[in-house]
Amino acid sequence: MRILLIALLGGLLPTGVLFAQDTTSPQPTNDATLLKDGRKVAGMCRTCHGLDGKARIPIAPHIGGEPVDYLITQLQAFKTGDREHEMMTVVARGLTDDQINNVSLWFNHFDVTATLPMGKTEDDAPELCVGCHGVNGISELEDAPNLAGETNIYIETQLKAFANGKRPHDIMTPIAEDLSVTEMQEAADWYSNIAIKITDPGGN
């Protein structure tokens, strides 16, 4: 079964493209001041994504525990217009680079664990996905998102956006274009059935 190779996700119903990581972006840190500042910015995100990064609405992705580089890149893309969304574009354009870095560190600092559904094993994972996203939907790369626990509607929306050109991407667009509706649904089912738990290691 043909399924995904890399990097579904990224924000709400995006229309842009993922870009290479900015080399000036900070590395993950537990600096209390930066996390405190990031938590303040995250207050604007909590309605959709939750303060802990666990989405509150089905069309929003879980972002708790995501790679920090990935989060920064996506927010910068919304800010510059390389990706567009009626809500995320407005939010990102109102943020400074420091705020983007700090809120990304805030969401990244959470621990995320994934549990396969009963009766499923690692051998059942989509073969083409595991190199980047792991057998349980937790990203293996700094520039690829976690897919574990995302809703069917979210994943199918992103695949269709890749396929129809609303979200162009060098790798995902040709893959999604070659997927049938049934294959998109199968991919969505696999990831949406993985249970996730997001916890704050520092109790912030």
Side-chain angles (χ1 to χ4, degrees), residues 6-14 16-57 59-114 132-134 136-150 154 158 167 169 194-204:
I6 188 173
L8 273 171
L9 179 67
L12 300 178
L13 311 182
V17 60
L18 306 184
F19 290 88
Q21 168 60 23
D22 181 355
T23 56
T24 64
S25 299
Q27 296 302 306
T29 178
N30 289 322
D31 184 277
T33 300
L34 296 184
L35 287 180
K36 183 178 179 180
D37 290 344
R39 189 183 190 282
K40 291 179 181 178
V41 179
M44 295 187 292
C45 313
R46 65 191 307 162
T47 299
C48 297
H49 298 285
L51 192 59
D52 60 355
K54 191 168 185 179
R56 282 5 185 207
I57 59 176
I59 59 172
H62 304 303
I63 56 177
E66 287 282 13
V68 65
D69 290 348
Y70 179 81
L71 293 172
I72 291 172
T73 299
Q74 303 316 303
L75 283 171
Q76 287 290 354
F78 282 124
K79 181 177 181 177
T80 62
D82 290 326
R83 288 184 57 188
E84 295 181 0
H85 179 264
E86 59 185 7
M87 183 181 298
M88 287 302 304
T89 298
V90 172
V91 172
R93 285 179 178 172
L95 299 178
T96 66
D97 288 346
D98 283 343
Q99 287 176 317
I100 286 176
N101 293 342
N102 292 344
V103 74
S104 297
L105 290 171
W106 167 257
F107 284 117
N108 166 260
H109 97 281
F110 286 94
D111 290 330
V112 56
T113 57
C132 298
H133 302 287
N136 60 356
I138 301 300
S139 176
E140 298 288 332
L141 301 175
E142 281 300 309
D143 58 354
N146 298 332
L147 301 180
E150 302 295 358
Y154 178 77
Q158 303 315 305
R167 186 182 176 187
H169 185 271
I194 296 175
I196 63 168
K197 183 177 181 180
I198 297 176
T199 57
D200 188 338
N204 292 290

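Everything quoted here is computed from the prediction, not taken from an experiment.
Judged purely by atom type and a 3.5 angstrom limit, Arg93 has no side-chain atom pairing as donor or acceptor with the backbone of Val91. Panel note: side chain Thr199, backbone Pro201; no donor-acceptor pair is recorded below 3.5 Å. Of the possible donor and acceptor atoms, one in the side chain of Gln99 sits under 3.5 Å from a partner among the backbone N and O of Thr96.
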side-chain contact (heavy atoms from CB on, under 4.5 Å) between Thr47 and Arg56: does it pass, once the steps are laid out?
CA-CA 7 Å; Thr47 299; Arg56 282 5 185 207; over 6 Å; no

Step by step, would you call Asp82 with Gln76 a side-chain hydrogen bond (donor to acceptor under 3.5 Å, both in side chains)?
CA-CA 8 Å; Asp82 290 326; Gln76 287 290 354; over 6 Å; no

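Residues Asp200 and Trp106 share a closest heavy-atom pair of OD2-CH2, 4.1 Å. Across all their heavy atoms, Asn146 and Gly64 have their closest contact at ND2-O, 4.5 Å. Nearest heavy-atom pair, Ile196 versus Lys54, reported as atom, atom and distance to 0.1 Å: O-NZ, 3.5 Å. The two residues Asn102 and Asp37 come nearest to each other via the heavy atoms ND2-CB, 3.7 Å. When all heavy atoms of Ala55 and Pro61 are compared, the closest pair comes out as CB-O, 3.7 Å. In this structure, Ala114 and Ala148 approach most closely via the heavy-atom pair CB-CB, 4.0 Å.
Using a 4.5 Å heavy-atom cutoff, the side chains of Ile138 and Val112 are in contact. Under the 4.5 Å side-chain criterion, counting only non-hydrogen atoms from C-beta, Leu75 is in contact with Met88. Between Phe107 and Glu66 the shortest side-chain heavy-atom distance does not fall below 4.5 Å. Annotation: side chain of Lys197 is not in contact with side chain of Asp111 (no heavy-atom distance under 4.5 Å).
To the nearest 0.5 Å, atoms CE (Met87) and SG (Cys45) are separated by 11.0 Å. One distance of note links NE2 of His62 with CD1 of Ile198; it measures 6.5 Å at 0.5 Å rounding. In this structure, Ile63 CD1 and Phe110 CZ are separated by 9.5 Å, a value rounded to the nearest 0.5 Å. To the nearest 0.5 angstrom, Ile72 atom CD1 is 13.0 Å from Asp143 atom CG. Taking CD from Gln158 and CG from Leu147, the interatomic distance works out to 10.5 Å, rounded to the nearest 0.5 Å. Rounding to the nearest 0.5 Å gives a distance of 12.0 Å between CG of Asp31 and NZ of Lys36.
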